[in-house]
There are 2 protein chains.
Amino acid sequence: MADTATTGTQVIGKGVPRNDARLKATGAARYAADVKVGKREPLCGKILRSPHAHANIVSIDTSQAAALPGVFAVVTGEDVTSARMGRFLRDRHVLARGKVRYIGDPVAAVAAIDEETATEALSLIRVEYEPLPAVFTTEEALAAGASLIHDDVASYQDVAPTNRCGNQRNLSKVERGDVDAAFAQADVIVEGTFSTQPVIQGFIETRSCIADVGKDGRVTIWASNKSPFRNQVMVSDGLGIPHSKIRCVSPMIGGDFGGKGATTIEPICALLAIKSGRAVRLSLSRREDMAVGFVRHPSRSRLRLAASRDGRLLGIEGEVIYNCGAYCDGAAGMSPNCGNLQGSYNIPAVRLRGQSVFTNSIPAGHVRGPGVPQVMFPIESLMDELARRLGLDQFEIRRINALREGDTSPGAKKGVMGKHGLVETIDSTAEYARENMTKSNFKQGFGIACGSLHVAAGIQPNDSQCIIKLNEDGSATALTGMPEVGSGHHIVVAQVIGEILGLRADEVNITFGDTDTTPFDTGPGASRGTVRASHAARFAALDARRQLLELAASKLEANSEDLETANKKVYVKGSPDKSVGYGVLARLALTSPHGAIIGVGAREREQWMAKLKDYENVTAEAIFCTHAALVEVDTDTGKVSVLKYALAQDVGFALNPLTAQGQLDGAVAFGLGYALSEEVVINDGRVANPGLVDYHLFAADTIPEVKTIVVEAPGDIGPFGARGLGEAPTGGVAPAIANAIYDAVGVRITDLPITPEKVLRALKEKEKEKAAS
Amino acid sequence: MADTATTGTQVIGKGVPRNDARLKATGAARYAADVKVGKREPLCGKILRSPHAHANIVSIDTSQAAALPGVFAVVTGEDVTSARMGRFLRDRHVLARGKVRYIGDPVAAVAAIDEETATEALSLIRVEYEPLPAVFTTEEALAAGASLIHDDVASYQDVAPTNRCGNQRNLSKVERGDVDAAFAQADVIVEGTFSTQPVIQGFIETRSCIADVGKDGRVTIWASNKSPFRNQVMVSDGLGIPHSKIRCVSPMIGGDFGGKGATTIEPICALLAIKSGRAVRLSLSRREDMAVGFVRHPSRSRLRLAASRDGRLLGIEGEVIYNCGAYCDGAAGMSPNCGNLQGSYNIPAVRLRGQSVFTNSIPAGHVRGPGVPQVMFPIESLMDELARRLGLDQFEIRRINALREGDTSPGAKKGVMGKHGLVETIDSTAEYARENMTKSNFKQGFGIACGSLHVAAGIQPNDSQCIIKLNEDGSATALTGMPEVGSGHHIVVAQVIGEILGLRADEVNITFGDTDTTPFDTGPGASRGTVRASHAARFAALDARRQLLELAASKLEANSEDLETANKKVYVKGSPDKSVGYGVLARLALTSPHGAIIGVGAREREQWMAKLKDYENVTAEAIFCTHAALVEVDTDTGKVSVLKYALAQDVGFALNPLTAQGQLDGAVAFGLGYALSEEVVINDGRVANPGLVDYHLFAADTIPEVKTIVVEAPGDIGPFGARGLGEAPTGGVAPAIANAIYDAVGVRITDLPITPEKVLRALKEKEKEKAAS
């Protein structure tokens, strides 16, 4: 059948160039800030932000700002409803009411004729604050008597007020087997504490939006927001406007990596447009964008592994604490990731805890594989340690313990793990490394790590739908609510539809990301872009195909089961001369009782939800990979150079090998920055390095040679066996690098990023210890 | 059941203000020419048109124009494919190839930096023509040896080349009963010849469009075109671009009245955009718009009626010839209107012929009730004559012969006429006129006419579909392919959806007219806007409602049959406290296996098509009305003043009484212009009065007091019994006025418009005859 085969495919499985490539390469793609509204330039919106990490707002005087010529609107928390908004917990107002909780909390905003006037207006707003004690670390926040960041927490916690973020109905613990017995019986126990830093998503386009209010009172928001439908809900919640009066459009988005799903500036911009009666553009400068969140959650974790002499894991015990900053955003989804401390391994006894904690730091948010790289680092560092303690090969110890079909995966209640390619990624990486990654001097080291990501589901509405209209010449127009954030989802949607309908990908036009026109979608995230949007597209295409065949059956006087499609024709199996073209059928549909062909599809959720029943955590399908790094450490400076890198990834089925490659390459670059160079430096709640000069992304010219190995072990959730692959390959980079450094110079860094200073300090301490012993 | 009741309705049947009212009243509505593309102003497109009515193109030299600084593109027929486009017949190239067929035929076009440069560039294009003999009247065109306008007619006529437009498979004759016998038995025979003039649609917005070509090669066209999907087909046909590479958008349209359905300037504009690589605006001046068509078909008709002494019609015989100008456009649909010469009456013996003829005049096109006012004028003039000959009351003779349920209506094979309100419109007009329209001096006259329109179907794809998405707060977004041309279709669509889903009309947002996003629709036309778009919306709403009830049933643990909806809640019948809100259900849908609620509906065509089987013509449902006019004739000047006017219209069911009223008032104004003042004067193919100063529309201050009487006899095709009503009330105005003039001063004008000169001439001739006798 055309819709399930993954061999002999015509359109999927091919490296079809992206449908947005030409637009982007020529600079013609339109992003939110490019949108034109009417004949006039939009007003310039600007936000006044709190200079205090924690303070009561005593008073705000906007009279001088409002009187400044060229100012069209000044808004404060008084202009918004008392209702709060939020992705997981509703804990934020559009503009602060009563108090501020971090340095950068929006307090007021202005819309003015130009940027200079807007900036001057901000300076004229007088805010009187009453500073409150602030907490910045999770230890401080959890200490007895700590200043409460949210004192009206009843609505999102069912326990007495603390700085714990949410009480996720036991999602933040995973317990299985007799852990104490496992540790008592263990031949070897390894343990450690680890910490990870806040990093940014590193998108090129800063957060931007334009809002306009029609004379009919409808608010339209064009935003760099990957989830127009979530954005609509948040703006509705935050401003008290019904959904039918809000249109959210997501034009092209210049990078997401998790950061474009948090609604922040959009309702402020809408409020300014409403108050001024003019279109308003609110586009953050790089400096502002970086200074106010939503960074990857800094974490602290503690982990212990119990193993037998032959390297078999017996038990695991530990916890991870995420610092979520002043507001929850995605933090409620972090703590369940404690289950992922188990990594890619089958462990009979498990006791893991996770916690997200409010502090007066800038809010943390989603960053490529939210919560996961933080826990891959501990488990893979300890696996390295364990192998060394037992004298086992690094590949072998992972092979011995690898999760296999039927095993109980992290968060599951029983052995429901499906087929996957973990061992194949270990083996293929080992094979490649043996030939290509040998050390050539004593300052070089080789390290590996497995990576896993358990595709999240169930916490939030996570649906995706697709509508396909057949044009009168037989080509197709597909409507998806999923915007294109740069990862290439749209070409994959076009390919899936093309495969099923027998069209070339360029005969499928994609319309996207508009709450007025496209069907519901929560946007790409949690590696579900392809698994959801393309899957919905698959069902919509099958629906359209069924209609095509029915029409063709009556036209050709045949049974629709005896029909096949190819080259935009339906023909009778075995009689290719008995055929009818799509164009003819599409026009026939219009003049027949059938009506135009419209296929509608939602991701088939029954199967997915059934699977979830067997899980007590957010994990349903796992995605695995294996990393290997060859590094060289300069012992004089501590500088680590990555000489060679290999990544084997189980992608299930590469619907488009070109875009898959892009994700793998990008993930390694992303992980290298996390491992070695990136850090948002926050001093007492204030970002010290807001700008790309002082924040060190791994750029194209600093990335080493990367060998990617694509493993295809079909999954059972995505279309045609495809698995999500945008996030999983990120988390394994840091431990692979850390393990390689240990291999090179014998020091284990447990605190990311692994800067030259830290390496040098560790080397000196090691020498000191050596000298002392 | 909520979906069929027309009493006790909540949203339909109410005069809900239009959803586009505020936008239009405040000037905020965006029309095609207002669209902004990118940062630069679009180039100015201009068309070079033929100065000859008929000529071969010997050569075109564009070199000087192309070399003019500021010119970005010059295109001619050489730049287009040899494929032709056309709504009924494909007889037009985008730009003339080989020869020109009317004064105004597009020959070349330029895109330049501004209008002055574009105009200068046009003047630099050298075209060498070889004039050919031209024909302007249908008599000339049909004469033996007449110059052939389309010499390559094989593709659209199955007879030897002539100037007949199409050979519409016997659609242009209606024959039934023994006509010769009827006339032989008749007690009285009345007959006459009639002619009607070309008039414009009189829309405020001239034809305009903007085209832009993306870097991905897709062409987007924003046009004042009421049928974006037809436009897409035409541009595809004319330029040889696949549908998937063309997006047609219809923003707000400033009036249609039939004129915005012909694709003319759009492919030229697209071609200029492709060649220049820039956005191009092509907006016709009023002068150009009026000089090049597409006027109401001028007609000549001949009609005879046979009747018995008691006023019963026995037979009808006659023909109508339409002058369709140089290209077919809608002309192929004109000739079947010969059936409508039968008017609103049951006549046992019928022999009627219709014909459309090519001439070298400007193309004719669709104007409010295409082809129908031309034939209402003869039949209703003769009915008046007949009543006078028999000494019968004008209302009575129409009541005697009125088509009734079960009768054989024009074009039908047998007695399938459904229930309707014709007699009720006659009676209610009579009653009103008796009290309110009495003559007060001897120069005053009273005249009536019935009007009918048989809703067209079957010739062209005439489908309409609707998609409804339920928002997360329970409000709805509806997608319809039907643009808003000013008639208020969108508020009716919102009301129908609101009625079924239990929402207010303002809780239903309408998204429309975009081939990329909305489902297929051919646009409003033939009084089908409400019958189709609202009907499709009804089925889509029922589909969404079914899903809502299913979800609610599981939530409330009840059977969905036991559930009712009101105030955005689903509740158990008899237990209003057992309820669940739409918002809750909409969010539940997202997190349940169901997926977001999307209702899809197409107009239920089975019933419609089944009905068509009984017809050999394009008539399926009839819409009837009765007109009465009280006029005064100034016998010194011939000037006719309309003192009072009454119109009783069977609207089936007034889904929105406010918009229905607007259609009725507008139709009378439209008809008065046709009757008394409007004419596009064409001399040897050249329009002599292109401009609204020399063309006399009936403006608001010249319209008399109009009494409208709404009759509601539910039809069986439209939603909730609604009938189309935009066109039917137009055709009866001219005969009612002509009959009133006869009543006043005893002269019968059979040649529209009834100008003072014609009245005066007739009065003088009458006096001359009187004097002679």
Side-chain angles (χ1 to χ4, degrees), chain A residues 19-20 22-23 25-26 28-29 34 36-39 214-218 229 232-233 236 242-245 247 460-463 465 467 469 471-477 479 506-509 511 514-520 587 589-596 598 600 602-603 605-606 609, chain B residues 19-20 22-23 25-26 28-29 36-39 214-218 229 232-233 236 242-245 247 460-463 465 467 469 471-477 479 506-509 511 514-520 522 587 589-596 598 600 602-603 605-606 609:
Chain A
N19 31 20
D20 57 345
R22 184 178 292 268
L23 283 178
T26 57
D34 300 328
K36 295 279 134 196
V37 184
K39 301 197 186 224
K215 283 289 189 290
D216 55 359
R218 289 192 89 219
F229 287 88
Q232 187 187 38
V233 171
S236 172
H243 291 207
S244 51
K245 301 296 177 211
R247 176 186 183 188
Q460 61 185 31
N462 61 349
D463 208 86
Q465 296 186 306
I467 297 173
K469 305 184 298 150
N471 298 321
E472 284 179 70
D473 65 353
S475 64
T477 293
L479 281 80
D506 70 348
E507 290 174 320
V508 181
N509 182 55
T511 295
D514 182 339
T515 57
D516 261 17
T517 60
T518 60
F520 182 83
R587 294 190 189 211
L590 296 180
T591 50
S592 78
H594 183 284
I598 297 181
V600 178
R603 187 164 63 89
R605 290 169 52 89
E606 270 79 1
M609 301 302 280
Chain B
N19 33 19
D20 57 344
R22 185 177 291 267
L23 283 177
T26 57
K36 295 279 133 195
V37 184
K39 303 197 186 224
K215 284 289 189 292
D216 55 359
R218 288 193 90 218
F229 287 88
Q232 187 187 38
V233 170
S236 172
H243 292 206
S244 51
K245 301 295 175 212
R247 175 186 183 188
Q460 61 184 29
N462 61 350
D463 209 87
Q465 295 186 306
I467 296 173
K469 304 184 297 150
N471 298 322
E472 283 179 72
D473 65 354
S475 63
T477 293
L479 282 81
D506 70 349
E507 291 175 319
V508 181
N509 182 55
T511 295
D514 182 340
T515 57
D516 261 15
T517 60
T518 60
F520 182 83
T522 47
R587 293 190 190 210
L590 296 180
T591 50
S592 78
H594 183 283
I598 297 180
V600 178
R603 188 163 61 89
R605 292 167 51 89
E606 270 78 0
M609 301 302 280

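Each chain gets a letter, A, B and so on, in the order the sequences are listed, and its residues count up from 1.
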What are the two closest non-hydrogen atoms of Val233(B) and Glu472(A), and how far apart are they? CG2-OE2, 3.2 Å
Winner by heavy-atom pair count (cut-off under 4.5 Å) against chain A, out of Arg247(B), Glu507(B), Arg218(B): Arg218(B)
Determine, step by step, whether Thr517(B) and Asp514(A) satisfy the side-chain contact (heavy atoms from CB on, under 4.5 Å) criterion, reporting the C-alpha distance in whole Å, the side-chain angles of both residues, the deciding distance to 0.1 Å, and the verdict. CA-CA 10 Å; Thr517(B) 60; Asp514(A) 182 339; 5.9 Å; no
N/O donor-acceptor pair under 3.5 Å between Lys469(B) side chain and Thr515(A) backbone: yes
Any side-chain donor-acceptor pair under 3.5 Å between Asp516(A) and Asn509(B)? yes
Heavy-atom contact with chain A under 4.5 Å, split by part of Leu479(B): side chain
Side chain to side chain donor-acceptor pair (under 3.5 Å) against Asp473(A), all qualifying residues, sequence neighbours excluded: Ser475(A)
Among Arg22(A), His243(A), Lys245(A), residue most engaged with chain B (heavy-atom pairs, under 4.5 Å): His243(A)
Let me know if Thr511(A) has heavy atoms under 4.5 Å from chain B in its side chain, its backbone, both or neither. side chain
When heavy-atom pairs shorter than 4.5 Å are enumerated against chain A, which of Gly474(B), Ala476(B), Gly38(B) gives the highest number? Gly38(B)
Option that, when pairs with chain A are counted at under 4.5 Å, heavy atom only, ranks first among Ser236(B), Ala28(B), Ala29(B), Ala596(B): Ala596(B)
Asp506(B) versus chain A, heavy atoms under 4.5 Å apart: side chain, backbone, both or neither? both
